[in-house]
Structures are given as C-alpha cells and as structure tokens.
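Shown next, in structure tokens, is the structure this report addresses.
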Amino acid sequence: MASPLQPARGTHDLIGEGFRRHQAVIDTARRIAALYGFEEWATPIFEDTRVFARGLGDTSDVVSKEMYSFEDRGGESVTLRPENTAGVCRALVSNGLTQSNLPRKVFYAGPMFRYERPQKGRYRQFHQIGIEVLGAAEPLADAEVIACGWQIQQALGIEEGTILEINTLGDAASREAYRAALVTYFTGHADQLSPDSRIRLEKNPLRILDSKDAGDRALMAEAPTIHSHLTAEAAAFYETVKRHLAAFGVPFRENPRIVRGLDYYSHTAFEFVTERLGAQGTVMAGGRYNGLVEEMGGPPTPSVGWAAGIERLAMLVETAGLTPAAPRAVAVLPTGEAAEAAAIEVLQFLRARGVVAEIAYRGNLKRRMERANRIGAAAAVLVGAAEAGPGEVVLRNLDAGTQAVLPLGNVTAALVEMGLFEAAARAT
RNA sequence: GCGGCCAUAGCUCAGAUGGUAGAGCGCCAGGUUGUGGUCUUGGAUGUCGCGGGUUCGAGUCCCGUUGGUCGCCCCA
C-alpha cells in the first residue's frame, strides 16, 4: 500500500529510467558546453536572501511569493535558490573574478526551488542546467550562447518540434519609451483588458504581451511594438544577433511578445518552446542581463545566458524514446558455495578490466542464473564447472543461450567479440 | 493563490442501482541433485489516500483534508 510518508509536495525521486534520463541531460549538456569553452561552477543551493531579492527584482512572482526563505539559527534570512543566474553573478563578485580575464563562461547544473502549485513539468524542487557568459557586451556572445543551447538539444535528439523564439527588449532607453507607449495604449483600452492584465498594467505592463487571454491578445494586434521604440544602437545590436544566429545555423522565429519574467533582462530575450509539454512549453529560456553583476556589488559586467529545466528536457527525451538503457552486467556464477571464493577472484578480474560484473549473493546455480536473467545480464561466467580445467571458466551468452569453456584471460576478448563490451576493449 | 478531474494489491486497472474486494503483469515456492529467459502447478499481498458523517451496513453517498493531474497566474 501507499506509505504514509510521501515525498514532500512538488518533489520527486529520481530512480531507474528517470534518473538515467536526468543524468543523460546533464552529461550531454556538460559535454557540449565544454566544447564551447564553458567551465563548470557549483554555487551554494541557498544564499543570503538579498542575492535574489536584489537580483531578480520585486515585480516578479518568483521573488514576491515563490521563494523558500527562512531564518537560520543565527537570525540570517537565507533562501533556497529559485534560479542560479543571480548566484553565479554573486560568485563572480565574491571571488574577485570581475578582475579576471573576461568573459568568464560558466556552466552549471543543480536543483532549484520555487514554492508553486505543482503540475506536469513544474515542481517545487526542480533542476536546471544553464550557461552564462559573464563580461561580454557583444552580440556574438548572445548568438553563441543560444547556439550552444540548440546544439545541446540536438545532441539530446529532442530538437524536433522545438523552435527558438527571440525578441529584443532593447536598452534602458528603448524599454522606457516602449513601456510608456504601452501604458498609453492599454490605458486607453483598460475596459477591454482582462482583470489579470489590468493589474499588470500597474505593476509590469510588458507582461501584458505575455497574456494568454483571448481578449488581451486581440488588443495586442494593434498594440505598439518594441521595434518602433528601439534606439539605433539597440536595433543594430538585435540585427547582429540575428545575423550571427543564422551563421551558427540556428533556426529561429521572431516573437515580439516574448518579455521574460525576471527583471534583470535587457536586449536579447529568447525561449525555446515546444507544443509537446502542455502549458509548460518553455524548455530553455534566457537573455541578456547587463546590470545584474552590478547589483551584486561588482563593476558593470554585461552578460548573457540561459537556463533549462532538466525535468522538461527529460520528458522530451522520454517521448522521443531516447531513454538510455541500463548498463548490462556480466553475471559471475559460482556453481556452488564452494566456488564462491574463486568467483570473487573472477569478479575482480573482470572489474579491473572495465567490465560491469555482478554476483548473486545466494542460492544454487539455478537461483543465481534466474537472478542474472532478472538483472538483464548479457552474459554469465560460470566458475567451478566440472568441464572447466584450472584457470578456465564457462562463458555463457544469455541472449543466444550458447556457452563455451575458455581460459579466464580470454573472457574480455570473447565479450568484445560477442559485441557486448566495447568498453572492455578500451580498458584492456 | 484560483478552477476542473482523479486517488482500489509493487505496476496497470475492474468492482450497475451501498452488503465487509478481483484480474493481468510482477513477486515467492515447486516441476529432483550444476544452467536463466518459454511452459506448467501452487502461494502471499491490500486497515479500497487520510479524517469525519449518513446508514443495520460504504471502495461505492456527503463533507473535509492530503496528494496527483489539467488549466489560470507565473515560470524552467
């Protein structure tokens, strides 16, 4: 029956296939990011609350109502990280790296926490991978960051059905002018706005562009766009990002309604979206944030990056049928308890050569053979068989049901020949 | 934070109008002593998410609660 002790709401265990998918996402992302010259950082899972309150801005729900904040025993307010960009920027400053050779290119992976109502693809403890280029004002950095994300999705085999949508939020001057124009426009149609959007009009008018309300969307058709309010510099920046994206070979679609939720973004904003995940269709999202390092007490350090939800990527891996198979072991089977000591020697012999080797702890040969079958072993090595001479074992192919007597020293070679262990070939 | 739907063995699920629970898969043990996967025989398992209520009697009705799920808000 169901245990009375369940995982806390919005958390989940990663076991078996789920863990392998999760790990595959991280491994793949780490590998591709390394190709782009990113180094991996691990920053704390909790930080001084001010890191996030200051970094993310107070209009975002993430800060106003979703943070796991609490006082520690010393009376300090700390917060479980709701995202990692602020933490990375804080780390750059704390470690004096704003004086190092910039840009600094950072990759990270780990758990994040937001107190939200869970649903598919959205959890209270979830995991993200992300990259940041710290200290690069050039649009080439924006394009490369996006290209890296796209290549990770390709390497994962999940890029089909996902499209990159990009937009620009402009620089501070562009954004201010646009914001004013939007307020003027929507205030004139306030009676037609959804209740949610009337609140947005007060707090963060740009977010109205994000609304899913049909009425709001109808109004949007006539709404002013950022593009007519961009400064010459901002417009040129955006054009260059798009040109470089094309050179990187990343397909994209412009979407003037992308605004990003967190306050620190400017210029480039983008999302990789898919239809396959229901309401949580954003799979990777980010943009440029030129003021965040300063917020953390550092010098002006223009930066750009993205974060992606590992759970969402893993779901795409699952639906694509790309869940990694569990490694198949070689089962070492003593013919009886008397042969156990010899079997242990064989186990260690195989492991030393890079072969995944397992032994069932108890039972007669039949029991242990059943066990070998149940764990999906590809082959069995029988130790102590009557037909095997000194230094010999019986190697049985559990898929084919064939077996042969051979010297222990020839087992790894035989496994390679059977097509079962390329890894063993490399190790020997 | 708001609304819809759901909650029965490890898993997937069946249990018309209320009468103290079933299947398939899986698991365990046999089908003689050193060989699995197929086949075959037998076996165990559930306080029917939790707490109240209605009733002679509730998995089945009502209320609450917890969790999941879908959507909104927001966001990865």
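Chain A is the first sequence line, chain B the second, and so forth, proteins listed ahead of strands; every chain is numbered from 1. Computed from heavy atoms alone, side chains included, the values below leave out hydrogens, waters and symmetry copies.
In this structure, A:Arg124 does not reach the B:C74 phosphate: none of its side-chain N or O atoms is under 4.0 Å from OP1 or OP2. Within the 4.0 Å cut-off from OP1 or OP2 of B:G30, at least one side-chain nitrogen or oxygen of A:Arg367 is found. Under 4.0 angstrom from either OP1 or OP2 of B:G68 there lies no side-chain N or O belonging to A:Gln119.
The base of B:G36 is paired with the side chain of A:Arg396 by a donor and an acceptor separated by under 3.5 Å. In the interface, the side chain of A:Arg117 is not paired with the base of B:C74 through any donor and acceptor atom under 3.5 Å apart. With hydrogens and angles ignored, a donor-acceptor pair closer than 3.5 Å exists between the side chain of A:Arg114 and the base of B:A76. If you check distances only, the side chain of A:Asn373 never reaches the base of B:G37 with a donor-acceptor pair under 3.5 Å. In terms of polar N and O atoms assigned as donor or acceptor, the side chain of A:Arg312 comes within less than 3.5 Å of the base of B:C75 in a complementary pairing.
Within 4.0 Å of A:Asn364, counting heavy atoms only, lies no atom of the nucleic acid at all. Using a 4.0 Å heavy-atom criterion, one finds that A:Gly130 contacts no nucleic acid atom at all. Here A:Gly281 lies out of heavy-atom contact (under 4.0 Å) with every strand. Nucleic acid contact for A:Ala385: base, since at least one base atom lies under 4.0 Å from a heavy atom of the residue. The residue A:Val394 sits apart from the nucleic acid: no heavy atom pair falls under 4.0 Å. Counting any heavy atom pair closer than 4.0 Å across all strands shown, A:Gly336 reaches no nucleic acid atom. A:Gln403 comes within contact range of at least one nucleobase, with a heavy-atom separation under 4.0 Å. Residue contacts for A:Arg371: at a heavy-atom cut-off of 4.0 Å it reaches no nucleic acid atom on any strand shown. A:Arg9 comes within 4.0 angstrom of the backbone, heavy atoms only, and of no base. Across all strands, A:Ile310 comes closer than 4.0 Å to no nucleic acid atom at all (heavy-atom distances). Using a 4.0 Å heavy-atom cutoff across all strands shown, A:Glu311 reaches no nucleic acid atom at all. Residue A:Arg368 is classed as having no contact, given no heavy-atom separation below 4.0 Å to the nucleic acid.
In this structure, A:Lys120 places its NZ atom where only 12 or fewer heavy-atom neighbours from other residues, nucleotides or ligands lie under 6.0 Å away.
Using a 30° and 60° split on the angle between ring planes, A:Tyr178 and A:His229 fall in the tilted class, from 30° to 60°. Taking the six-membered ring where the residue is Trp, A:His189 and A:Tyr185 present tilted rings, their angle falling between 30° and 60°.
If A:Asp399 and A:Gly10 are placed on RNA chain B by their nearest nucleotide, the residue sitting closer to the 5' end is A:Asp399. Position along RNA chain B of the nearest nucleotide to A:Ala8 versus A:Gln128 favours A:Ala8 as the more 5'-ward residue.
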Before you tell me yes or no, could you show the steps for A:Glu295 and A:Arg90 under salt bridge (charged side-chain N to carboxylate O under 4.0 Å, His left out), namely the whole-Å CA-CA distance, both residues' side-chain angles and the distance that decides it to 0.1 Å? CA-CA 9 Å; A:Glu295 290 286 344; A:Arg90 190 234 83 224; over 6 Å; no

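In summary, the aromatic rings of A:Tyr289 and A:His267 are positioned with their centroids too far apart to meet the 6.0 Å limit.
For B:A7, the base is anti relative to its sugar; the glycosidic angle deviates from 0 by more than 90°.
A donor-acceptor contact closer than 3.5 angstrom links the side chains of A:Tyr36 and A:Gln151. At a cut-off of 3.5 Å, with distance as the only test, a side-chain donor of A:Asn290 or A:Arg288 sits close to an acceptor on the other residue. In this structure, a donor-acceptor pair under 3.5 Å is present between the side chains of A:Glu254 and A:Tyr238.
Separating the CD atom of A:Glu116 from the C1' atom of B:C2 is a distance of 14 Å, rounded to the nearest angstrom. Between the C1' atom of B:U38 and the NZ atom of A:Lys366 lies a distance of 12 Å, rounded to the nearest Å. Atom CG of A:Asp13 and atom C1' of B:G10 are 15 Å apart (whole Å). In this structure, A:His22 places its NE2 atom 16 Å from P of B:A76, rounding to the nearest Å. Here B:A76 presents its P atom at 15 Å from CG of A:Leu164, a figure rounded to the nearest Å. For the pair A:Leu333 CG and B:G36 P, the computed distance is 11 Å after rounding to whole Å.
Closest to the A:Arg374 side chain, of the nucleotides B:C74, B:U35, B:C28, is B:C28. Side chain of A:Arg122, nearest nucleotide from B:C70, B:U35, B:C72: B:C72. Comparing B:U69, B:A76, B:C72 against the side chain of A:Phe126 picks out B:A76 as the nearest. The side chain of A:Arg200 has B:C74 as its nearest neighbour among B:C74, B:C75, B:G68. Proximity note for A:Asp196 (side chain, C-beta onward) versus B:C73, B:G36, B:C74: the nearest is B:C73.
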